[in-house]
Amino acid sequence: YPTWKRTLARRARESQMKRFCRAQAIQRRLEEIEVTFRELEQQGIKLEKLLRDENESPADQQTQWTNQLLYLVQKKNNLMTEESDLMIAVQELKLEEQQCQLDEKLRSYMNKEDTLKTPEDEKAEQEILKQLVEVVNKRNVLIQFQEEKRLSEL
């Protein structure tokens with residue numbers, strides 16, 4: 001088993017572990033966002049009830065409640081944006097994982113001697129190459145979408 005094959009296998013495992021850790025971190029953050037959404041929703045419901053039921057409250061109190069409600073809406077919108085970004089990151093991780101798997105399969109076919117390849121092997125190699133190009137194009141679309149989103153926010 002040549003050194004370069006061991007190195008490639010080790011690097012593949014390392015990158016897979018990095019993707020796994022990133023996926024776990026994203027999942028944790030999505031769960032935190034979900035909990036925060038529920039809390040904001042409860043606070044918003046309380047403020048709305050106060051605004052509707054307390055018509056005889058002082059105007060400055062109603063203004064304060066309205067400002068708090070607007071702050072909650074802004075916070076919720078920020079969380080929704082973050083959640084959207086995280087979902088894009090999840091898609092990117094899936095495509096990255098898919099690309100690595102296809103790379104590995106393609107490498108196994110390409111390492112085979114041409115004289116030992118059957119017509120099925122050559123067909124499978126071409127199919128994997130086609131799938132790999134599709135995955136790379138999808139990742140490119142995601143990156144372009146993120147860049148456009150980032151520029152529009154600026």
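When side chains are defined from C-beta on, Gln98 counts as touching Leu95, because their heavy atoms get closer than 4.5 Å. Within the 4.5 Å cutoff, no side-chain heavy atoms of Glu104 are placed close to those of Leu8. Looking only at side-chain heavy atoms (C-beta outward), Glu83 and Phe37 come within less than 4.5 Å of each other.
In the hydrophobic clustering of this structure, Val136 does not group with Met110; members are Ile, Leu, Val, Met, Phe, Trp, Tyr whose side-chain heavy atoms approach within less than 4.5 Å, directly or through other members. Linking ILVMFWY side-chain heavy atoms closer than 4.5 Å, directly or via other members, places Met80 and Leu30 in a single hydrophobic cluster. Hydrophobic clustering (side-chain heavy atoms under 4.5 Å, transitive across Ile, Leu, Val, Met, Phe, Trp, Tyr) groups Leu102 together with Leu106.
The distance from the NZ atom of Lys75 to the CD atom of Glu39 is 8.5 Å, given to the nearest 0.5 Å. For the atom pair Leu69 CG and Tyr71 OH, the distance stands at 13.0 Å (nearest 0.5 Å).
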Side-chain donor/acceptor pairs under 3.5 Å, residues 138-149, sequence neighbours excluded:
from: Arg139; atom 1: NH1; to: Gln99; atom 2: OE1; distance (Å): 2.5
from: Glu147; atom 1: OE1; to: Arg150; atom 2: NE; distance (Å): 3.4
from: Glu147; atom 1: OE2; to: Arg150; atom 2: NH2; distance (Å): 2.5
from: Lys149; atom 1: NZ; to: Ser84; atom 2: OG; distance (Å): 3.1
from: Lys149; atom 1: NZ; to: Asp85; atom 2: OD1; distance (Å): 2.5

Indicate every side-chain donor-acceptor pair of residues 17-29 with a distance under 3.5 Å to a residue at least two apart or in another chain.
from: Arg19; atom 1: NE; to: Glu97; atom 2: OE1; distance (Å): 2.8
from: Arg19; atom 1: NH1; to: Ser15; atom 2: O; distance (Å): 3.4
from: Arg19; atom 1: NH1; to: Ser15; atom 2: OG; distance (Å): 3.4
from: Arg19; atom 1: NH2; to: Glu97; atom 2: OE1; distance (Å): 2.7
from: Gln27; atom 1: NE2; to: Glu31; atom 2: OE2; distance (Å): 3.3
from: Arg29; atom 1: NE; to: Glu82; atom 2: OE2; distance (Å): 2.7
from: Arg29; atom 1: NH1; to: Glu32; atom 2: OE1; distance (Å): 3.1
from: Arg29; atom 1: NH2; to: Glu82; atom 2: OE1; distance (Å): 2.9
from: Arg29; atom 1: NH2; to: Glu82; atom 2: OE2; distance (Å): 3.4

What donor-acceptor contacts under 3.5 angstrom involve side-chain atoms of residues 128-135, with partners at least two apart or in another chain?
none

Result block: side-chain N/O donor-acceptor pairs under 3.5 angstrom for residues 42-52, not counting sequence neighbours:
from: Glu48; atom 1: OE1; to: Arg52; atom 2: NH2; distance (Å): 3.3

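Think of Val35 as one node in a network of Ile, Leu, Val, Met, Phe, Trp and Tyr side chains linked at under 4.5 Å; it has no links at all.
Applying the salt bridge (charged side-chain N to carboxylate O under 4.0 Å, His left out) test to Arg13 and every residue at least two apart in sequence or in another chain returns nothing. Considering only residues two or more places apart in sequence or on other chains, Thr115 meets the side chain to side chain contact (heavy atoms under 4.5 Å, CB included) condition with Glu113. Listed by chain and number, the residues in a side chain to side chain donor-acceptor pair (under 3.5 Å) with Glu41 are Lys76 (sequence neighbours excluded). Applying the side chain to side chain donor-acceptor pair (under 3.5 Å) rule to Thr118 yields the partners Glu120, Asp121; only residues at least two apart in sequence or on another chain are considered. With sequence neighbours excluded, the residues satisfying side chain to side chain contact (heavy atoms under 4.5 Å, CB included) with Thr36 are Leu40, Leu79. Residues passing the side chain to side chain contact (heavy atoms under 4.5 Å, CB included) test with Pro119, sequence neighbours excluded: none. Considering only residues two or more places apart in sequence or on other chains, Glu125 meets the side chain to side chain donor-acceptor pair (under 3.5 Å) condition with Lys117.
Residues Glu14 and Arg10 are paired through a salt bridge, judged by an N-O separation under 4.0 Å between the basic side chain and the carboxylate.
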